[in-house]
Structures are given as structure tokens and as C-alpha cells.
Amino acid sequence: MRVLIMEDDKQVAAFMSRGLKEAGHVCDCAHDGEDGLEMARNSQYDVLVVDRMMPRRDGLSVIETLRGDGLATPILILSALGEVDDRVDGLKSGADDYLVKPYAFAELLARIEVLARRRDPGSVQTQLTVGDLEMDLLARTVKRGGEDVLLQPREFRLLEFLMRHAGQVVTRTMLLEKVWDYHFDPQTNVIDVHISRLRSKIDKPFGTTMLHTVRGAGYRLQA
């Protein structure tokens, strides 16, 4: 699931983004209303999370403009304004849900996933399967041939990305951006080290190779 977070507090946005990524989702962040509006117009998202009070353009104005454009993406408002009239105003602007600050991240995640399911019941994947390799995104477990495979958090994220793109060539740049959150090449062998560790856990004990190196291009996971 791809989520756009519009939140002017960069620390709060980073916390939400990290939590959503750990739950298996992809996040972009905008720190003011104008940037958020343009990102929502120019990219496809499954859910928008919109802070009500933002610089340059407030959240209700952003939502009203997007709805006026015909955008049907589910929208969740976040706000410290929690009176009945405030919530009513938010819902009337075109939002689908309204969460009052402070909130528990678990509730935020649940509400986002509920909104996505309402729009598309198949949009939130909790199980990934490639051949006899299985990943449970909620339980954070991996099995191959029915046997448990114990992974470190970064190895789990790496395998998840490879499984979501099974059969496709995944480049080093893609892995740096989506698994390590780097938007530059750190000039280290961090990818090679983690790929090697992953192979030692999902391939070597089972005698059949699933994770392949595509020379000069990247990596491919396939049954």
C-alpha cells in the first residue's frame, strides 16, 4: 500500500513513515499543504493522511481541492482539534475518517488499512508467497518449505521487497532507496553483505536457489 503523509512536524512525519514502512507499506511525506496537494495530484496513492493545520495551505483546503478535482482516494485527517464541530467540518470537507491527536500508532495503522480495504479489499496484502517461500507481514515470520527462517529486521525488509517484485530484476538503486532509505550511493558493500546473509538463510539450507544475481543489473527472486 502506498501512503502520502501530509504533516508539517518533520519528526512526527518521520515516526509515522517509519512505522508504516515497518508494517510493509510505502510512504511519501509532504511538510506543507501546497507540496502535499501537488504530490497527491501527480502520483497515485492508496490512502492520504492529512494534518489539519499546515503552512501554505491548511488540510481542509487541500482535501476540498482534491475532491473538487475528482480524486476518490481515501483520506484520514489528523488534528489536535477534537470537538464535535471540528470533526464534522473535517468530514464535510471530503475526508473519510478523522483521528484526534495524540493518538496511538496502532490505531492510526488500523484506520489506514481499513480505509484501503474499503476502497479495494485486496489492496492490503498480509501474506506474500513465491514458490515454497512464505512471508507473513503481520506476524513478521518467514517459512520455506514449511520450515521457519529467522531473519533480522533489515533482512526481512530486503526479502519483502524482493518478494513483492518476484520474477523482476531489482537494481541496487531500487534496494538502496526502498530498503535502506538512501537516495545516494554510499559506496559500500552493504547490499552484497545482506544478499549473502539472505542467501545463507533462504537458499543454502534448502538446496534450491531462489535468489539470483543478474550480472550488471541487480538481483531476481524467483521460484
Side-chain angles (χ1 to χ4, degrees), residues 1-4 16-28 43-47 73-74 105-106 109-110 112-223:
M1 184 169 62
R2 192 174 181 204
V3 181
L4 173 60
M16 282 193 286
S17 179
R18 183 170 63 251
L20 287 166
K21 288 176 180 177
E22 288 173 352
H25 305 305
V26 177
C27 294
D28 292 328
S43 299
Q44 291 188 338
Y45 294 97
D46 298 295
V47 176
T73 303
F105 178 78
L109 177 60
I112 288 172
E113 293 185 340
V114 165
L115 287 177
R117 284 198 298 272
R118 285 178 184 169
R119 185 183 185 196
D120 179 2
S123 66
V124 181
Q125 280 185 289
T126 60
Q127 303 277 342
L128 299 175
T129 303
V130 179
D132 62 350
L133 186 63
E134 302 172 2
M135 174 177 283
D136 187 321
L137 294 168
L138 296 181
R140 310 298 284 178
T141 59
V142 174
K143 295 178 183 292
R144 182 165 181 193
E147 296 184 28
D148 290 330
V149 178
L150 300 180
L151 300 179
Q152 296 297 317
R154 187 73 69 180
E155 295 165 353
F156 189 95
R157 286 187 65 184
L158 174 58
L159 181 59
E160 178 190 346
F161 189 79
L162 290 166
M163 291 183 74
R164 289 184 183 276
H165 297 82
Q168 304 173 25
V169 175
V170 173
T171 67
R172 296 174 65 88
T173 299
M174 291 167 66
L175 292 176
L176 287 171
E177 288 185 348
K178 301 302 183 182
V179 179
W180 277 268
D181 295 319
Y182 290 159
H183 295 280
F184 61 93
D185 189 342
Q187 301 298 318
T188 70
N189 65 342
V190 62
I191 293 179
D192 303 304
V193 169
H194 280 79
I195 288 288
S196 178
R197 289 176 181 169
L198 195 56
R199 281 195 174 115
S200 72
K201 294 181 178 182
I202 68 167
D203 278 346
K204 288 183 180 178
F206 301 96
T208 304
T209 300
M210 295 184 70
L211 181 50
H212 303 270
T213 297
V214 181
R215 192 173 298 276
Y219 306 94
R220 181 174 57 237
L221 183 77
Q222 64 185 32

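Below, each value reflects all heavy atoms present in this structure, side chains not excepted, and no hydrogens, waters or symmetry copies.
Of the inter-residue distances, the one linking Met210 atom CE with Leu133 atom CG reads 5.0 Å to the nearest 0.5 angstrom. Taken from CG in Leu211 to CG in Leu159, the straight-line distance is 8.5 Å, to the nearest 0.5 Å. Taken to the nearest 0.5 Å, the CG atom of Leu4 stands 13.0 Å off from the CD atom of Gln44. Separation of atoms CE (Met1) and CG (Leu20) is listed at 7.0 Å; rounding is to 0.5 Å. Between atom OG of residue Ser196 and atom NZ of residue Lys201 there is a gap of 11.0 Å, rounded to the nearest 0.5 Å. Rounding to the nearest 0.5 angstrom, the gap separating the OG1 atom in Thr213 from the CZ atom in Arg220 is 10.0 Å.
Checked against side-chain hydrogen bond (donor to acceptor under 3.5 Å, both in side chains), Asp132 has the following partners two or more places apart in sequence or in another chain: Arg144. Evaluation of the salt bridge (charged side-chain N to carboxylate O under 4.0 Å, His left out) rule for Asp136 yields no partner, not counting sequence neighbours. For Arg2, the salt bridge (charged side-chain N to carboxylate O under 4.0 Å, His left out) test picks out Asp28, with sequence neighbours left out. Remark: Arg154 pairs with Arg157, Val179, Trp180, His194 by the side chain to side chain contact (heavy atoms under 4.5 Å, CB included) rule, at least two apart or across chains. For Ala217, the side chain to side chain contact (heavy atoms under 4.5 Å, CB included) partners are Val169, Val214, not counting sequence neighbours. For the salt bridge (charged side-chain N to carboxylate O under 4.0 Å, His left out) test, no residue two or more places apart in sequence or in another chain qualifies with Glu134. Qualifying side-chain hydrogen bond (donor to acceptor under 3.5 Å, both in side chains) partners for Asp148, counting only residues two or more places apart in sequence or in other chains: Lys143. Take Gln168 and apply the side-chain hydrogen bond (donor to acceptor under 3.5 Å, both in side chains) test, not counting sequence neighbours, and it matches no residue. Scanning for side-chain hydrogen bond (donor to acceptor under 3.5 Å, both in side chains) contacts around Thr209 gives an empty result, with sequence neighbours left out.
Residue pairs satisfying the ring pair (Phe, Tyr, Trp, His ring centres under 6.0 Å) criterion with at least one member in residues 195-223, sequence neighbours excluded, are absent. Residue pairs meeting the salt bridge (Lys or Arg N to Asp or Glu O under 4.0 Å) criterion with at least one member in residues 165-179, sequence neighbours excluded, are Arg172-Asp192. Applying the ring pair (Phe, Tyr, Trp, His ring centres under 6.0 Å) definition to pairs two or more places apart or across chains, those involving residues 126-175 are Phe161-His165.
Of all the heavy atoms in Gly131 and Ala223, the pair that sits closest is CA-CB, 3.7 Å. Closest approach of Thr208 and Asp203 over heavy atoms only: O-OD1, 3.4 Å. Nearest heavy atoms, Val47 versus Ile112: CG2-O, 3.7 Å.
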task: Could you walk me through whether Thr141 and Met135 pass side chain to side chain contact (heavy atoms under 4.5 Å, CB included), step by step?
output: CA-CA 6 Å; Thr141 59; Met135 174 177 283; over 6 Å; no

message: As a quick check of understanding, evaluate side chain to side chain contact (heavy atoms under 4.5 Å, CB included) for Val3 and Met16, giving each step before the final call.
response: CA-CA 10 Å; Val3 181; Met16 282 193 286; over 6 Å; no

Step-by-step side chain to side chain contact (heavy atoms under 4.5 Å, CB included) determination, Ile195 to Leu158: CA-CA 8 Å; Ile195 288 288; Leu158 174 58; 4.0 Å; yes

task: Kindly indicate, with the supporting measurements, whether the criterion side chain to side chain contact (heavy atoms under 4.5 Å, CB included) is fulfilled by Leu198 and Leu162.
output: CA-CA 11 Å; Leu198 195 56; Leu162 290 166; 3.9 Å; yes

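Put simply, the side chain of Glu160 reaches to within 4.5 Å of the side chain of Leu128, judged on heavy atoms. The closest side-chain heavy-atom distance from Gln222 to Val130 is not below 4.5 Å.
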